[in-house]
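Each remark here refers to the structure printed beneath this line.
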There are 2 protein chains.
Amino acid sequence: MATNFDNYFKSAFTVDNVIFGFDEGDLKVLLIKRGEEPHIGEWALPGYFVKTEEDLDAAAKRVLSELTGLTNVYLEQVHAFGSVNRHAFGRVITVSYFSLIKIDNYIIQPSSIALQAQWHTVNGLQHLAFDHDTILESCLQRLKWLVKTRPVGFELLPPKFTLTELQHLYEAILRSPLDKRNFRKKILSMNLLVDCDETQEGVAHRPAKLYKFDRKRYNKLVEQGFNFELKETPIKKKTTAELSS
Amino acid sequence: MATNFDNYFKSAFTVDNVIFGFDEGDLKVLLIKRGEEPHIGEWALPGYFVKTEEDLDAAAKRVLSELTGLTNVYLEQVHAFGSVNRHAFGRVITVSYFSLIKIDNYIIQPSSIALQAQWHTVNGLQHLAFDHDTILESCLQRLKWLVKTRPVGFELLPPKFTLTELQHLYEAILRSPLDKRNFRKKILSMNLLVDCDETQEGVAHRPAKLYKFDRKRYNKLVEQGFNFELKETPIKKKTTAELSS
DNA sequence: GGTAATTAGTGTAAAAAATGCACTAACTAA
DNA sequence: TTAGTTAGTGCATTTTTTACACTAATTACC
């Protein structure tokens, strides 16, 4: 192995943020239009170089804020992508971060190298810059897993929401239909929802009750190691015996 | 943001491998004694710098092979660690990889900067070089999760093993006792074990049947999306109602 | 004002899975 | 022969999951 360490210190890191939101029944992801080479003018995940003197996690927060104006977002690391030729300017490894936010709570403000910053429907998205298609796909997988493990839906909906909205969100993430009664039973049995004693207004049908998420209780359950698993099997599950064939 | 990209290309990456094995009823991890600064003479995870012209995943394989002699090991990425001051020589981000192997199938051959390469019992390990304690801990968490999701035990045991050995392995990873009858029922119901029609020899008690893992069937089930979840709850699980208090 | 359209909201029975638990079987060592 | 040790097995109870269809409340339209 090399003894001259200088050769190794010629690479760069970036961070790429995959920010999910939910609006009008669709899962959305926040993208920027790049105003800098490489891939100038293309849509990309909001990401940029990590500075030498900042921690990786801090860089993700800063970059997100500089490109889109989003602050106070909880970011979770997902995966490092390190193919040799993924960046035209040299050897660049990127680390992806992901988050779930309520779209209405934030104002998107493109700046720095971002010409625009916009929510895009995840379904039927066009090609993204760099290997960002792959990065997005890996975060979608993470989200799918997460939704089965934690009641993440609450992160994506406005403070007050109906059970049907919550169910549609789950269906959008899992990409499969759920049974209404079983879904409600399961969600309500977690005791995480508080009845707001209010109903929808301005809808041309029976108005639904509004609920909000009880974050205190959620934190308490997490602390106690509660298992939030949502198991809903929308399509008939095959048994071990059937699989033996 | 900076327009001089050169400033960003002054960092380095490393990979660190967390290789788990199982022997004599204990979970083991493969460590090397470093023969190079920084942290010379200390025990560390087998890791080294990624070359500029190699993919990240390939680097993990190469480094593992060069330091310990292990080849043909399936490595899975776990997490990137990027605190500013984690390496004395400059800004170095490391990406951890983990694997499960059968100790007896491999010959450990320290070379390159590894003065020694040895299996260490995970429990009660001394302090490791760099932030490798943290890295190891995060891989242990991953392993704990994995064992509930996939029948990973088979990766760690010799080709022929007894059900009791398999149970002890699970107990070592999960750090809690399991019920013998329920464990056997569950494992056998997956139809992943083949009875070898052999029994243990040279034990001073009733000899146990030997089983082997049916990898073909395993691959088939994975392909069909089978859920391997092992749910064994060794200590009484609290209900939602009880937690409300 | 009545009715059609639309979504909200609710319960139960059957099947499957998880749980808790204690004795007999087979072998070796002394 | 016996004591010691680990292997191996079943069942009844509880809990969880699943499948499934009707009534309730509101608006829009005639």
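The chains referred to below are lettered A, B, ... by the order of the sequence lines, with proteins before strands, and numbering in each begins at 1.
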Provide, to the nearest angstrom, the distance between the [atom1] atom belonging to [X] and the [atom2] atom belonging to [N].
X: Leu163(B); N: dT6(D); atom1: CG; atom2: C1'; answer: 13 Å
X: Arg206(B); N: dT6(D); atom1: CZ; atom2: C1'; answer: 9 Å
X: Glu198(B); N: dC27(C); atom1: CD; atom2: P; answer: 15 Å
X: His168(A); N: dA8(C); atom1: NE2; atom2: P; answer: 7 Å
X: Ile187(A); N: dT10(C); atom1: CD1; atom2: P; answer: 15 Å
X: Lys186(A); N: dT16(D); atom1: NZ; atom2: P; answer: 9 Å
X: Leu178(B); N: dA18(C); atom1: CG; atom2: P; answer: 13 Å
X: Phe183(B); N: dA18(C); atom1: CZ; atom2: P; answer: 14 Å

Side chain of [X] - closest among [options]:
X: Ala208(B); options: dC27(C), dG8(D), dC21(C); value: dG8(D)
X: Arg184(B); options: dT9(D), dT10(C), dA19(D); value: dT9(D)
X: His205(A); options: dA18(C), dA8(C), dC21(C); value: dA8(C)
X: Asn182(A); options: dG20(C), dT26(D), dG11(C); value: dG11(C)
X: Arg181(A); options: dT27(D), dC20(D), dA26(C); value: dC20(D)

*asked:* Are more than 12 heavy atoms, taken from residues, nucleotides or ligands other than Lys160(B), located less than 6.0 Å from that residue's NZ atom?
replied: no
*Do other residues, nucleotides or ligands put more than 12 heavy atoms under 6.0 Å from the CG atom of Asn219(B)?*
yes
*Which of these passes side chain to side chain donor-acceptor pair (under 3.5 Å) with Lys209(B): Asp195(B), Asp197(B), Thr199(B)?*
Asp195(B)
*asked:* Is it the case that dT12(C) (base atoms only) and Lys185(A) (side chain only) share a donor and an acceptor within less than 3.5 Å, ignoring hydrogens and angles?
replied: yes
_5' priority, DNA chain C, between Val203(B) and Lys180(B) [closest heavy atom]_ = Lys180(B)
*Between Ala204(A) and Leu210(A), which is nearer to the 5' end of DNA chain C once each is assigned its nearest nucleotide?*
Ala204(A)
*Verify the distance criterion only: is there a donor paired with an acceptor across the side chains of Lys28(B) and Thr121(B) at less than 3.5 Å?*
yes
*asked:* Does Thr199(B) reach a base, just sugar-phosphate, or nothing at all? Heavy atoms under 4.0 Å.
replied: nothing
*asked:* Any base atoms under 4.0 Å from Thr162(A), or only sugar-phosphate, or nothing? Heavy atoms, all strands.
replied: nothing
*asked:* Does dT7(C) have OP1 or OP2 under 4.0 Å away from a side-chain N or O of Thr164(A)?
replied: no
_Pair Arg142(B) + Glu76(B): basic N to acidic O under 4.0 Å_ = yes
